[in-house]
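First up is the structure itself, then whatever we jot down about it.
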Amino acid sequence: PYGKGFLELDVPEANLASVVESRFVRAAEDAEREIIRALNNPIGSGRVEDLVKREDRVALIVSDITRPAPNQIMVPPVIETLRKAGLREENLEIIVANGLHRSPSRGEMEELLGKQVLEEVTVVNHNARDDGQLVEVGKTSFGTRVTLNRRVVEADSVIITGLMEPHFFAGYSGGRKSILPGIAGAESIFQNHSFRMIGHPKARYRILGGNPIHEDSVEAAKSVKLKFMVNVVLNRERQVMGAFAGDFLRAHEAGVKFLESMVKVPSPQRADIVVTTNGGYPLDRNLYQAVKGMATGELI
């Protein structure tokens with residue numbers, strides 16, 4: 001996969017040792033219905049309508065343009081659930097968790113959320129370098145000075161959406177990463193992503209327990225009124241296989257267990273040359289992400 005297409009490679013049979021890939025799992029029959037099922041059957045928490053009060057100011061956090069999270073499928077059912085709970089439209093804001101990535105253009109925002117959501121709900125781009133957007137909330141036990149988006153900190157209820165997949169130093173993406181790095185200040189992200197943290201032997205693919213980057217992000221996430229999480233997992237065709245909703249730690253843990261059976265695959269041998277990509281669009285839309293492909297190849 002390369003961009004929105006593919007690159008072809010001819011390798012003589014004598015030189016081709018093996019092809020290593022994640023296991024393919026069939027998509028859910030109906031992606032939107034799967035997300036609604038998860039919303040109605042939360043893991044480790046009550047339902048959104050039980051947790052969010054009618055008068056609450058709600059911050060709904062979504063992934064940015066570098067993630068293949070299907071926001072156009074995920075976000076509308078969450079908004080509809082909030083409406084049914086009686087939340088007034090003016091009390092809801094969507095925050096795009098850009099981390100240190102650039103803010104999307106208007107066209108990219110439509111691609112990200114869909115025209116209807118943009119017209120109906122206030123959407124705010126998080127800017128990690130805009131001090132006016134940030135407020136300090138404390139320090140983690142790892143020494144990270146945590147500054148977060150003021151709108152999120154001041155919200156009565158925070159809901160995060162996103163995608164779970166293996167991450168080369170956070171173990172797995174999704175869940176707590178919507179907060180740090182998603183809506184954190186640049187200095188906080190630099191500390192969380194520092195050489196000291198990334199160099200830790202447990203800051204690796206698939207490891208959460210004892211991983212300082214994961215645990216640092218969990219501490220930061222507890223600084224806001226994080227009421228609910230909705231995350232999905234995708235197959236190789238970028239189709240929704242499953243949705244996990246509820247408590248941001250318990251639901252994330254359930255999604256990780258589901259993913260393990262697909263992404264943990266054996267390599268028959270070490271290779272002299274490994275050819276891989278970043279997985280295609282949107283994962284390879286900027287050079288910043290290129291190291292993910294390198295980190296995957298380096299394992300083999």
Side-chain angles (χ1 to χ4, degrees), residues 1-5 27-28 31-32 34-36 38-39 48 58-83 89 92-130 133 148-149 151-152 155 158-165 167 173-184 189 228-235 237-241 243-245 255 278-290 292:
Y2 190 78
K4 292 184 178 179
E32 189 173 343
E34 169 62 12
I35 289 159
I36 293 168
L39 285 168
V48 170
V58 177
L60 174 58
I61 300 176
V62 301
S63 301
D64 76 338
I65 57 172
T66 64
R67 308 288 185 243
N71 292 311
Q72 290 199 36
I73 301 171
M74 266 195 297
V75 172
V78 178
I79 294 174
E80 188 55 34
T81 301
L82 290 167
R83 283 181 182 140
E89 210 96 295
L92 173 64
E93 285 184 328
I94 291 175
I95 315 291
V96 181
N98 290 311
L100 283 172
H101 309 152
R102 68 170 177 83
S103 294
S105 66
R106 174 71 190 187
E108 288 169 331
M109 289 286 274
E110 280 193 24
E111 180 187 334
L112 190 72
L113 292 165
K115 199 170 184 180
Q116 188 174 344
V117 169
L118 284 181
E119 288 172 352
E120 293 177 355
V121 183
T122 300
V123 180
V124 178
N125 268 302
H126 172 69
N127 184 342
R129 292 182 171 87
D130 179 1
Q133 282 195 15
L148 301 175
N149 187 288
R151 293 170 187 265
V152 176
V158 178
I159 299 172
I160 56 176
T161 64
L163 165 73
M164 286 182 277
E165 60 186 358
H167 189 281
S173 67
R176 74 289 181 222
K177 284 185 91 259
S178 290
I179 305 299
L180 175 61
I183 53 93
I189 300 170
F228 204 80
M229 173 193 110
V230 188
N231 272 193
V232 296
V233 290
L234 307 180
N235 63 18
E237 307 298 323
R238 303 280 163 75
Q239 300 162 323
V240 173
M241 291 180 297
F244 299 83
N278 247 40
Y281 184 89
L283 300 168
D284 59 3
R285 72 192 298 163
N286 61 46
L287 188 61
Y288 184 91
Q289 301 293 319
K292 292 179 179 176

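Remember, predicted model here, so these are calculated numbers, not experimental data. In what follows, residues are counted from 1 in the order of the sequence shown.
Distance check: Glu34 CD to Ile73 CD1 gives 11.5 Å after rounding to the nearest 0.5 Å. Atom CG of Leu100 and atom CG of Asp64 lie 10.5 Å apart (nearest 0.5 Å). Distance check, rounded to the nearest 0.5 Å: NZ of Lys292 to CD of Glu165 gives 6.5 Å.
Atom CZ of Arg151 has 12 or fewer neighbouring heavy atoms from other residues, nucleotides or ligands inside a 6.0 Å radius. Shown here is Tyr281, whose OH atom has more than 12 heavy atoms of other residues, nucleotides or ligands within 6.0 Å. The number of heavy-atom neighbours closer than 6.0 Å to CD of Glu80, taken from other residues, nucleotides and ligands shown, is above 12.
Under 4.0 Å is where a charged nitrogen must lie from a carboxylate oxygen, and between Glu111 and Arg106 no such pair does.
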Could you go step by step and tell me if Leu283 and Arg238 meet the side chain to side chain contact (heavy atoms under 4.5 Å, CB included) rule?
CA-CA 11 Å; Leu283 300 168; Arg238 303 280 163 75; 3.4 Å; yes
Give the intermediate values and the outcome of salt bridge (Lys or Arg N to Asp or Glu O under 4.0 Å) for residues Glu108 and Arg102.
CA-CA 11 Å; Glu108 288 169 331; Arg102 68 170 177 83; 2.8 Å; yes
Working note: Glu120 + Arg83, criterion salt bridge (Lys or Arg N to Asp or Glu O under 4.0 Å); need CA distance, chi angles, decisive distance, verdict.
CA-CA 12 Å; Glu120 293 177 355; Arg83 283 181 182 140; 2.8 Å; yes
Please lay out, stage by stage, how Asn98 and Asn125 fare under the test side chain to side chain contact (heavy atoms under 4.5 Å, CB included).
CA-CA 7 Å; Asn98 290 311; Asn125 268 302; 3.0 Å; yes
Just do the side chain to side chain contact (heavy atoms under 4.5 Å, CB included) check on Arg67 and His101 with the steps written out, would you?
CA-CA 11 Å; Arg67 308 288 185 243; His101 309 152; 3.8 Å; yes
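The only option from Thr81, Leu82, Ile61 that meets the side chain to side chain contact (heavy atoms under 4.5 Å, CB included) definition with Ile159 turns out to be Leu82. Leu60 pairs with exactly one of Ile160, Val230, Val75, Ile95 by the side chain to side chain contact (heavy atoms under 4.5 Å, CB included) rule, that one being Val75.
The nearest pair of heavy atoms linking Gln239 to Ala27 is CB-CB, 3.4 Å. Closest approach of Val117 and Pro76 over heavy atoms only: CG2-CG, 4.3 Å. Closest of all the heavy-atom pairs between Pro181 and Ile189 is O-CD1, 3.4 Å. Here the closest heavy-atom approach between residue Leu234 and residue Val232 is recorded as CD2-CG2, 4.1 Å. Of all heavy-atom pairs between Phe228 and Leu39, the closest is CE2-CD2, 3.7 Å. Nearest approach of Leu112 to Asn71, heavy atoms of both residues: O-CB, 3.0 Å.
Judged by distance alone, with hydrogens and angles left aside, the side-chain atoms of Asn231 form no donor-acceptor pair with the main-chain N or O of Gly174 at under 3.5 Å. Between the Asn235 side chain and the Glu237 main chain, a donor and an acceptor come within less than 3.5 Å of each other. No donor-acceptor distance shorter than 3.5 angstrom exists from the side chain of Ser63 to the backbone of Ala69, with no hydrogens or angles considered. A donor-acceptor pair under 3.5 Å is absent between the side-chain atoms of Ser178 and the main chain of Gly162, judged by distance alone. In this structure a side-chain-to-backbone donor-acceptor pair under 3.5 Å is present from His126 to Ala184. Without hydrogens or angle criteria, Gln133 side chain to Asn127 main chain gives a donor-acceptor distance under 3.5 Å.
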